[in-house]
Amino acid sequence: MTPADVPALAADFDVVVSHRDETTPSPPTSRWHVVPLLREPLDVALPPRHPLARRRQLRLDQLADEDWISVGVGWPVDDVLRSLALATGATPRVVQRINDFAVTEELVAAGHGIALLPRYSTDDRGGRRLVCRPLAGVRAGRLVEAVLRTSTAERPAVVTVLDALRAEAAALSSR
């Protein structure tokens, strides 16, 4: 879902878990209650035998000539990739757009390109399948939030769900 989809979904559901680029504003708060759950860093995912896989961090200029696998235009991770393009002046060469991180992981592992992937939810199999490296000197991440109507924020069932989401987010980010 894109950030633009969140208000329509929140109108129909009590709690919508969404993610957005850090630079994208949250939905208007007069009608919606936005509960921050976590900030998930985005790392560059590479196949283990990629020449840059041995580096501890990657600079933007090192990635300028790489083939990228990204999500659809307007999706949060693509927003970060476009922000990186603005910072470097180099337009990333996106060779595939897929809105499924598991498929993206498979394509990267098979050597079809590199990708920005969320740190806590990427299955790198301890570096055997993918090598994930942070970007040096750049803050790249997505914000994961629960969005709900202000009219439902105090319902016991909604509070219970939010408590469970907060606990899971805390467990993920503490690893």
Side-chain angles (χ1 to χ4, degrees), residues 1-6 9 16-27 34 36-147 168-175:
M1 106 185 78
T2 67
D5 298 326
V6 173
L9 290 169
V16 175
V17 177
S18 68
H19 64 118
R20 63 182 170 87
D21 178 21
E22 298 176 293
T23 62
T24 304
S26 62
V34 179
L37 296 173
L38 64 90
R39 178 191 180 273
E40 186 171 20
L42 296 174
D43 293 328
V44 178
L46 310 149
R49 295 178 196 246
H50 191 283
L52 296 173
R54 292 180 185 227
R55 298 184 182 266
R56 296 174 64 81
Q57 293 184 334
L58 298 172
R59 295 185 325 268
L60 293 175
D61 62 311
Q62 294 171 314
L63 303 170
D65 293 328
E66 295 292 329
D67 289 337
W68 286 89
I69 301 167
S70 189
V71 295
V73 173
W75 289 68
V77 175
D78 191 58
D79 290 344
V80 174
L81 191 58
R82 284 187 284 138
S83 297
L84 295 177
L86 290 173
T88 64
T91 302
R93 186 174 51 245
V94 178
V95 296
Q96 187 63 259
R97 291 189 179 276
I98 300 168
N99 290 345
D100 184 325
F101 288 141
V103 173
T104 299
E105 290 173 15
E106 292 296 330
L107 290 170
V108 171
H112 296 290
I114 66 172
L116 285 174
L117 290 174
R119 181 174 295 168
Y120 306 136
S121 53
T122 296
D123 180 12
D124 66 356
R125 302 196 184 146
R128 293 182 314 278
R129 179 172 178 242
L130 297 172
V131 174
C132 296
R133 297 291 183 250
L135 285 164
V138 176
R139 186 171 162 87
R142 67 178 182 162
L143 300 178
V144 179
E145 303 165 320
V147 180
E168 186 62 27
L172 275 174
S173 58
S174 69
R175 287 185 208 161

Requested in this report: Take Q96 and L107 through the test side chain to side chain contact (heavy atoms under 4.5 Å, CB included) and record every step on the way to the result.
Outcome: CA-CA 9 Å; Q96 187 63 259; L107 290 170; 4.2 Å; yes
Query raised in the report: So how far is it from L38 CG to E168 CD, rounded to the nearest 0.5 Å?
Result: 9.5 Å
Query raised in the report: When rounded to the nearest 0.5 angstrom, what is the spacing between CG in L46 and CG in L130?
Result: 8.5 Å
Query raised in the report: Just wondering, do R20 and R142 contact through their side chains at under 4.5 Å, heavy atoms?
Result: no
Query raised in the report: So, do L81 and V94 sit near enough that their side-chain heavy atoms are less than 4.5 Å apart?
Result: yes
Query raised in the report: If you look at every heavy atom in P47 and A53, which pair is closest and at what distance?
Result: O-CB, 3.9 Å
Query raised in the report: Taking C-beta and beyond as the side chain, do D124 and V131 meet within less than 4.5 Å on heavy atoms?
Result: no
Requested in this report: Could you pull out the closest heavy-atom pair between L37 and A169, with the gap in Å?
Outcome: O-CB, 3.4 Å
Query raised in the report: Are H19 and L143 close enough that some pair of their side-chain heavy atoms sits under 4.5 Å apart?
Result: no
Query - Which atom of D43 lies closest to which atom of C132, heavy atoms considered - result: CB-CB, 4.0 Å
Query raised in the report: Where is the tightest heavy-atom contact between R56 and P134, given as atom of each residue plus distance?
Result: O-CD, 3.4 Å
Report summary line: Heavy atoms of A136 and R59 approach each other most closely as CB-CG, 4.2 Å
Query raised in the report: Roughly how far, to the nearest 0.5 Å, is the CG atom of L42 from the CG atom of L135?
Result: 8.5 Å
Report task. Output all residues satisfying side chain to side chain contact (heavy atoms under 4.5 Å, CB included) with R125, sequence neighbours left out; order by chain, then residue number. Result -> D123, R128, R129
Query raised in the report: Taking all non-hydrogen atoms of both residues, which atom of L52 and which atom of Q62 are closest, and how far apart?
Result: CD1-O, 3.6 Å
Requested in this report: Would you check if the side chain of T122 reaches a backbone N or O of R119 as a donor-acceptor pair within less than 3.5 Å?
Outcome: no
Using distance only, find each side-chain donor-acceptor pair of residues 66-74 under 3.5 Å and give its atom names and separation, not counting sequence neighbours.
from, atom 1, to, atom 2, distance (Å)
E66, OE1, H50, NE2, 2.9
E66, OE2, H50, NE2, 3.4
D67, OD1, R93, NE, 2.5
D67, OD1, R93, NH2, 3.2
S70, OG, D78, OD1, 3.2

Query - Side-chain donor/acceptor of E40 to backbone N/O of Y120, under 3.5 Å - result: yes
Query raised in the report: side chain to side chain contact (heavy atoms under 4.5 Å, CB included) with D100: which residues, sequence neighbours excluded?
Result: I98, A102, V103
**Report entry** Neighbour count >12 (heavy atoms, 6.0 Å) for atom CZ, R54
**Finding:** no
Query raised in the report: About how many Å separate CH2 of W75 and CG of N99, when rounded to the nearest 0.5 Å?
Result: 4.5 Å
